[in-house]
Amino acid sequence: MNNASQTSPRSPRINPFAFPTDTDLRFVLLIFSVLSSTLFVYNLLSADFLGAQINIALQCTRSVPTSLSGDLTSLVIIQQQNLNTACQSSYRYLLLGWFIGGIALVLLVAFIIYLLTPIWVLRREKLVPISVEDAPEVVAYLKSLCQEAGLSEFPLFVWNPLNQVSNGLGFGSLRRYYVMLTGGLVTLFYTDQPVFRAIILHELSHLRNADVNKTYFTIAIWWAFVLVALVPLAVYLLIRLPFTPLLTANLIWRVLVLAVFVYLTRNALLRAREFYADLRASTWPDVAKALNRVLATRGQAGKLGQAHPSWQKLISVHPTSDERSLVLYDTRRLFRAGWWTAFGVGFAAGIALLPLQTLFSLFLDQSQIDFRVTVMPSLLVTVLLLTPFIVGTVGLDTWRTVFLASLQGQAPQGAGRLGLCLGMGIVSGIFLSLPSFLEGSSLALLVDLFIYNLPWILLLLASLFLFFRWIASGATVWLLVAATRQILHLIYIIGLLITGVVFIGWSSQILQFSFITTLVIRVDKTDIGSKLGYLFIETLHEPLTFLTLIGLWSFPLALWFWRNRLIALPSRNWAFLDVISQSQQIPSPNSHSLRPGLPMKFGLSIGLTFFLILLLGRVFLRLSGLADTINNDINLIDVFYYSQIALTLLLQALGAAIVTAMTRELRSLHGLMTASIAGCIMVFSILALNVLFGGTADAEIIWLTTSLVLNGGALVALLIALGTSMLLSRH
Amino acid sequence: MASADQNQLIADLSRDIIMSIAPQELPLFRATSTAYFQKPDALFKNAKEKDQILGFGIGETVVMMTPSALIIVTQIVQFITAELQKSVVAESSSLIADLVKKKFKKFRPIDSKSDAQIPAPLTKEQLVYVRQLAYKEANRLMRSDTKAQVLADAIVGSLATSDVP
């Protein structure tokens with residue numbers, strides 16, 4: 001990629017630009033954090049600004065019973081809910097407009113600040129274009145550096161000769177970029193040209209890395225958030241005094257947490273970009289040494305090198321010189337799993353979850369009398385909206401972690417913990433944005449919410465742990481075919497898309513259970529178990545569950561089709577920032593341990609075995625005359641039908657356990673695939689034999705059988721395969 | 001002395017001094033001196049501009065000689081003017097300005113001993129005073145003893161002395 005290897009005697013540095021950088025991930029996180037927090041604040045403000053409409057809407061709700069209580073017929077409920085919907089219509093659109101308006105206002109103000117910032121910097125720093133008359137050699141040299149940096153458009157170099165601090169700054173907006181030089185920096189041109197060159201190339205690297213827009217929009221959106229969300233809220237609380245002191249304090253700490261969260265995210269982004277600018281600059285000849293020298297000097301002399309407490313590092317917008325020097329020669333630090341980023345992503349998503357779900361529920365959950373789908377449409381849309389953000393950040397971080405591990409010849413570490421951090425962030429965010437804090441001192445309700453939701457919280461954490469380990473497994477195998485950076489990009493984009501679908505399917509189901517639990521304990525706590533059991537059965541029938549379970553094994557194992565193109569990652573030039581020598585290259589892997597043939601064979605065998613068993617059973621029933629007895633008793637028909645289903649689940653679990661034990665890599669996914677293959681044949685067996693023996697197979701029974709056997713079997717097989725895999729790993 | 005003339009004198013003298021002791025600052029000289037003559041008091045405020053938090057990093061402050069040289073040369077020129085005014089009270093300001101210039105080697109005719117119009121060089125006491133003044137100011141402005149000494153010596157060196165032809 002570059003010539004830095006000429007200057008670096010150490011092992012080749014891993015290319016941090018192979019994937020989107022931390023700057024990109026944190027930028028996405030920041031934007032989302034600001035928007036989530038704005039939504040939270042505007043949700044609070046709506047209580048006052050839309051107070052009259054809320055009262056009218058509440059009266060609408062009180063005028064009709066909910067679908068979860070009372071003994072009205074479905075028709076009456078639907079009619080009354082339609083009236084309710086019409087009554088609340090104006091409020092819904094007003095609320096939607098209010099939320100969208102708040103977010104749009106933050107973005108608009110941010111954009112204006114972003115546009116005005118360069119003008120403000122030029123004035124504040126008293127900057128003027130550096131002219132040929134002033135310093136002809138410097139101007140010529142700057143031009144040559146721009147060419148060397150490969151910039152398509154050269155920035156305008158401006159300076160303040162009176163500023164004695166030797167510093168540079170890249171700034172600008174909308175493709176109009178500037179690089180500021182100080183008098184102190186220009187002096188370096190004459191006294192220490194390598195350092196001058198390193199600092200200028202560092203600033204030009206910000207342009208190459210497309211940092212400038214991100215940086216100044218970051219600053220702008222922070223101030224926009226303060227001006228448009230925090231200040232109005234503070235004014236509202238101070239002037240209107242809408243709540244009791246206790247409730248106000250309860251509100252203030254939540255808003256403060258949000259503000260600190262956004263602020264820390266902003267600073268984390270500003271810190272991250274410096275590493276990447278240093279690294280980009282270090283790819284040009286002799287820059288790494290000069291950068292290291294200037295960082296070492298400043299580390300000893302300046303604030304950058306002082307040992308700061310952790311909290312000071314968090315609020316700093318610059319990494320320390322020591323950190324920068326370390327990363328300059330060891331880029332592995334940039335690939336380590338970002339626990340806090342994962343937590344932050346979850347936190348931002350958690351904050352947005354309830355307001356978004358509430359908003360969508362006003363439009364999507366009306367006219368529903370089915371208990372199962374009371375919250376699913378709005379929840380699904382909410383998860384759909386949040387998934388690109390979650391998967392695009394934490395998922396990508398997982399890929400980067402795997403990339404590092406693969407280059408080091410190690411198994412990926414920490415992917416599961418990333419999922420846990422994400423999950424804890426989601427739970428924390430939901431807790432912070434709980435609307436129930438406005439419901440006064442209902443501590444009992446909060447306790448109920450916590451206790452009844454605890455199983456779902458634990459399930460969410462466990463499933464996210466496994467889910468991110470699954471992403472890591474997929475990434476590990478698919479990185480082997482990334483011959484070029486273009487192919488790599490294609491692979492991880494497709495991988496993340498599939499991941500997204502699986503995530504939507506899985507997380508929306510878990511959240512549905514949690515939301516229904518919350519809904520149930522607010523309305524009617526009796527017989528929660530059977531209500532949730534019914535919900536679970538219904539979940540099995542959803543096509544999304546089917547897609548999710550198929551996606552789990554098909555994505556990683558599909559690599560088998562490209563098995564002849566596997567190349568060891570450490571032999572790819574694009575994977576390193578420095579040119580790697582032939583002696584450092586690693587030969588292609590001769591074999592791979594994916595064995596989709598095994599699940600195919602076992603799945604077919606188990607399926608056919610089931611077919612034979614069922615065929616023999618049916619023949620026996622027919623010959624013995626028991627078939628007529630069964631056909632004449634609806635209960636016996638059910639027993640017979642569900643016995644077949646139970647047998648399919650048992651055989652699928654057995655097949656999954658055997659295949660899991662027989663494979664070395666992606667064990668549980670091989671097991672899951674076995675269950676799915678076997679399940680397909682079993683479904684065919686049940687339906688075909690039913691028709692052959694005089695029964696029917698309408699669409700309803702086809703889907704019921706398919707979903708029960710395939711989804712139910714896959715779920716059981718997944719649990720068994722995971723258990724088997726864990727047991728085998730221990731031994 | 002007319003202000004423009006005096007400024008020109010200060011600029012010329014300062015540039016010579018900078019050329020000899022800090023040539024790397026010459027590209028900055030024009031901009032620095034222009035800013036100085038526009039707002040003499042603001043020069044050091046600007047020179048110690050706070051660092052840009054989004055820049056390369058917390059940059060070192062390079063101790064530049066030019067602003068200090070301009071300020072000190074101004075004070076020296078004012079001192080010499082005052083000294084000359086004491087002895088030639090009746091003379092016009094333009095003549096005094098001319099005499100001030102000739103106190104410096106740069107503007108002193110080579111054959112100065114034979115010309116009655118050429119003022120006598122500074123006395124030893126005056127030179128000691130100028131050195132002290134320059135060193136004290138330079139040390140205050142630059143907070144560097146070494147640089148203050150270099151600048152003070154260069155300023156004294158630019159003045160005409162009796163053993164110089």
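It should be emphasised that the depicted structure is a prediction, and the values quoted were computed from it without experimental measurement. Each chain gets a letter, A, B and so on, in the order the sequences are listed, and its residues count up from 1.
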* To do: Would you give the length of the straight line joining atom CH2 of A/Trp159 to atom CG of B/Leu28, rounded to the nearest 0.5 angstrom?
  =>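 Reported to 0.5 Å precision, the distance equals 4.5 Å.
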
* Asked: About how many Å separate CE of B/Met64 and OG1 of A/Thr187, when rounded to the nearest 0.5 Å?
  -> 4.0 Å

* **Contact class of A/Ile200 relative to chain B, heavy atoms under 4.5 angstrom** =>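 A/Ile200 has no heavy atom closer than 4.5 Å to chain B.
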
* **A/Ser131 portion near chain B, given a 4.5 angstrom heavy-atom threshold** => side chain

